[in-house]
Amino acid sequence: MNGSRVLRAEVFPILASACLFLALGAGFFLLEGHAPVALFLEMVKSAFGDSFAWSETLVKVAPILLCASAVVLPAKLGLVTVGAQGQMNFGAMAGTALVLSMMNGSAWVVLPLMLLTASLGGAFWGAVPGVFKARLGVNETISTLMLNYLALQLVDYVVHGPWKDPSNLGWPASANFPDAAILPTFFGSRVHLGLVIGVVAALILHVLVTYSRWGIALKVMRSNQRVALSAGLNYERNVIIVMAISGLLAGIAGIAETSVMQGRLQAGLAGGYGWSGFLVAWLSGQSFLRIIPMSILVGGLLSSADALQLFAQLPSSSAIILQGMLFVSALVVMNWVKLRGYHA
Amino acid sequence: MHIELRGISKHFGEVAANADVNLEIKAGEVLALLGENGAGKSTLMKILYGFYQGDSGEIVIDGTTVEIDTPRTAMALGIGMVFQQFNLIPALSVAENLMLAYPKSPWWQSRHRPVWSTVLENLTKLARDIDPSKLVRHLAIGEQQLVELAKVLNLNAQLVILDEPTAVLTPQESERLWALVRQLADSGRSVVLITHKFEDVEACADRVAIMRAGRLVEVADARGKTIDEMVTLMMGQHQVAANPSVKSPQKDIQKLWIKSISAKDRRAAIVDIELQLAPGEILGIAGVAGNGQRLLADAVAGLAVLDNGEVILDGEVVSRLGRQPVNPNRNSKIGYIPEQPLENGVASDLDLTTNLSLHRLVGMPFFPKKQTEQAQAQKLIDEFNVRPSDPTKLAQDLSGGNLQKLVSARELSGMPSLVVACYPSMGLDILSTRAIYEQMFKHAERGACILWISEDLDDLLQYAHRIAVLSHGKITGILPAASADRQTIGLLMTGARKTA
């Protein structure tokens, strides 16, 4: 590939998406009666302006990155899953069950076990639609979507019922996690182990799907199941494995949010990270490498919500609106480039 | 009608489909237009039919230069063409199909019985036995072709172009068509028969025009040419290799036992198929396409759901009742060349290296070395002459014939005990066909069983040890190739006779 083609294929779509996004965002700010340029600069500053801004952005990057990996891996097998949100909830619930049963355990025991049970919980919640898909051909997008609501309601149920801590004075949440059940954080900020796990997982998965026999097998199974079958590849088993690993990653994101950010299990723990992860995965063209910078970008966008609130008195949900605009811009530009590519 | 094509050239991109072709078509003659796939025969005739426009050259009919810009113009000039893909509406009856194509029938008369006799006149002459009220989808392929021919004749065509008409026919149907073609010529019409089969030329042609690589290389009296001469002209300078030879199989040992298997899916069914093969035996499966060949091949290769029976290879069950378990070792034992390689044989959006290593994928090291794999792929590509020869190209960029070679290269490169090959020469020229056959028969020589599904009776008769005929999902007969003849096989294809 020569230089000008790289420019055409890679750089141009990114620049064009960015321009469209900025134009849409500027329009949104103007409608709200604010000067767009100043506000955009303020947003950048509050996301990446100093070390505190960076740390708060990275805190959001961790779950986004894990959830994005949870979308990219099934996509390598041609599966479209939107289940990260539910897997976060279920994983967090499984991890919390362990913590609640070992309130006085030492960190060396509780933390690994908490991560393990949360992983298994997430993996279970991912494997269920995987089994449905593999054995019965149930559409994985629909079933993961439905299971999101189920997991959400389960968490709601336990924090209103069996696990509700009376000392919360009616607030539906579990008991606070003991210090031994708080994931380690770094640099005196809230940046936690989840970020490290997210980056390492993305890198390992990148190497596996790009260079390993398993990665080739996934490509073959995505491309032609009949041929894969005659090559002796077990599509059904791989669907379940891939969906379980995907759920595992989201489960870790869930327990990390619960442990570090909330310090207890409560409803709404997943925020919108499952969805943000889905957007990041698609914006990155389902690449384990590209989701890392893209997660940082989207994480920055979300953490600049405070700036919008502070400087422009815009509600913090404005950041979600901007995230939607970013996704739409990128999709429009990418498809436009693709269409033009076929004619050129 | 006397037609002259003068200096016709046609380019598709950089490929010259026709280069300066001069051809004369005389009134009342049958002209066989002979050539390999891609020699430019169909393109030339589609230019005459107004389907394509030539880049240069002119068409002269009875001394006048004419401009044929659409098929409609061609039809008005009395030129009709029957394509390989028929243009019939399956849900309508024969008469309704003919009526639709009949320009002189005003729409309000289309259900008016008296017009029908005019419309049906040509069909009745061609084939009295086709019931005009029958729905087209209930007709055999050969009958549909005759309906198409009647459509063309209804347009008062003085020149009828038939594109590979016998490719889809049973021997009996072919014979009937040859007779009809002769009949048309005797009534003063001209017929151009686009074909790559010598039997078409021998059976009914007056003259033969041979094309190679877009050029007309020879026009001669059909009776003045031997098959060897025609092959040489079609293939050009290439030395035509001697026919591959096959050893006779070891007798009295049973290597492959297809044990009364039955299976069905949405499109086909096979019923109670019982076959036994000795080591080194080549068993040809003859039959008109769509009679259960694909399902039989899948079932034997262990890829289909069996309702009954099992398949035993070397004393080991490779296909059993019910859904087949995923078998990672299948590929080391069975080489399977499926029909329609693009859908069934390759991962089309992956590169040739991956596609050529699929059968070894399960046994590869966890991190395969890219260079090693590419080198292996390059070796197979060169050995089987796949074009383009770049292992990083995607499978979907290959032409049909090259895909066929690609799949064959993969499936015949190991040491299988059984080769199941469906139409392995589909889309290949004579040289490539022989090369594939040689690779296939090499395994028979080693002692592997070959289950060879083909529509080419001549090849089956020449190379197979025995020929089983498949009709409506059943084996209607098994004949030793040495004593089999086209007539008997043709009858069996229609399901007419059962021999022990």
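Hydrogens, waters and symmetry mates play no part in the numbers below; they use all other heavy atoms, side chains included. Lettering follows sequence order; numbering is per chain, from 1.
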Please list every donor-acceptor pair under 3.5 Å in which a side-chain atom of residues 294-305 of chain B meets a protein atom from a residue at least two apart or in another chain.
from, atom 1, to, atom 2, distance (Å)
B:R294, NH1, B:D265, OD2, 3.1
B:R294, NH2, B:D265, OD2, 3.4
B:D298, OD1, A:R226, NH2, 3.1
B:D298, OD1, B:Y336, OH, 2.5
B:D298, OD2, A:R226, NH1, 2.9
B:D298, OD2, A:R226, NH2, 3.4

Going by atom type alone, with no hydrogens or angles, which donor-acceptor pairs under 3.5 Å involve a side-chain atom of residues 233-248 of chain A and a protein atom two or more places apart or on another chain?
from, atom 1, to, atom 2, distance (Å)
A:N234, OD1, A:E236, N, 3.4
A:N234, OD1, A:R237, N, 3.2
A:Y235, OH, A:Q225, NE2, 3.4
A:E236, OE1, A:R135, NH1, 2.8
A:E236, OE2, B:R323, NH2, 2.3
A:N238, OD1, A:W214, NE1, 2.9
A:N238, ND2, A:N234, O, 2.9
A:S246, OG, A:A70, O, 2.8

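For B:E343, the part lying under 4.5 angstrom from a heavy atom of chain A is the backbone only. Only the backbone of B:N327 comes within contact range of chain A, with at least one heavy atom under 4.5 Å from a heavy atom of that chain. Of the two parts of B:P325, neither the backbone nor the side chain holds a non-hydrogen atom closer than 4.5 Å to a non-hydrogen atom of chain A.
Smallest separation of non-hydrogen atoms from A:R222 and B:D349: NH2-OD2, 4.3 Å. Nearest approach of A:V220 to B:T354, heavy atoms of both residues: CG2-CG2, 4.1 Å. A pairwise comparison of heavy atoms in B:P368 and A:Y211 identifies CD-O, 3.4 Å as the closest pair.
How far CG of B:N344 is from OG of A:S230: 9.0 Å, rounded to the nearest 0.5 Å. In this structure, CG on B:L394 lies 10.0 Å from OG on A:S223, to the nearest 0.5 angstrom.
Around CH2 of A:W275, the count of heavy atoms belonging to other residues, nucleotides or ligands within 6.0 Å exceeds 12. Within 6.0 Å of CZ on A:R290 lie no more than 12 heavy atoms contributed by other residues, nucleotides or ligands. Counting heavy atoms of neighbouring residues, nucleotides and ligands inside a 6.0 Å radius, atom OH of B:Y423 exceeds 12 of them. The environment of B:K442 atom NZ is dense: over 12 non-hydrogen atoms of other residues, nucleotides or ligands sit within 6.0 angstrom.
Contacts classified as salt bridge (charged side-chain N to carboxylate O under 4.0 Å, His left out) and involving residues 302-311 of chain B (residues at least two apart or in different chains) are given here: B:K259-B:E310, B:K264-B:D307.
Identified by a heavy-atom distance below 4.5 Å to chain B, the contributing residues of residues 195-210 of chain A are A:V207, A:L208, in residue-number order.
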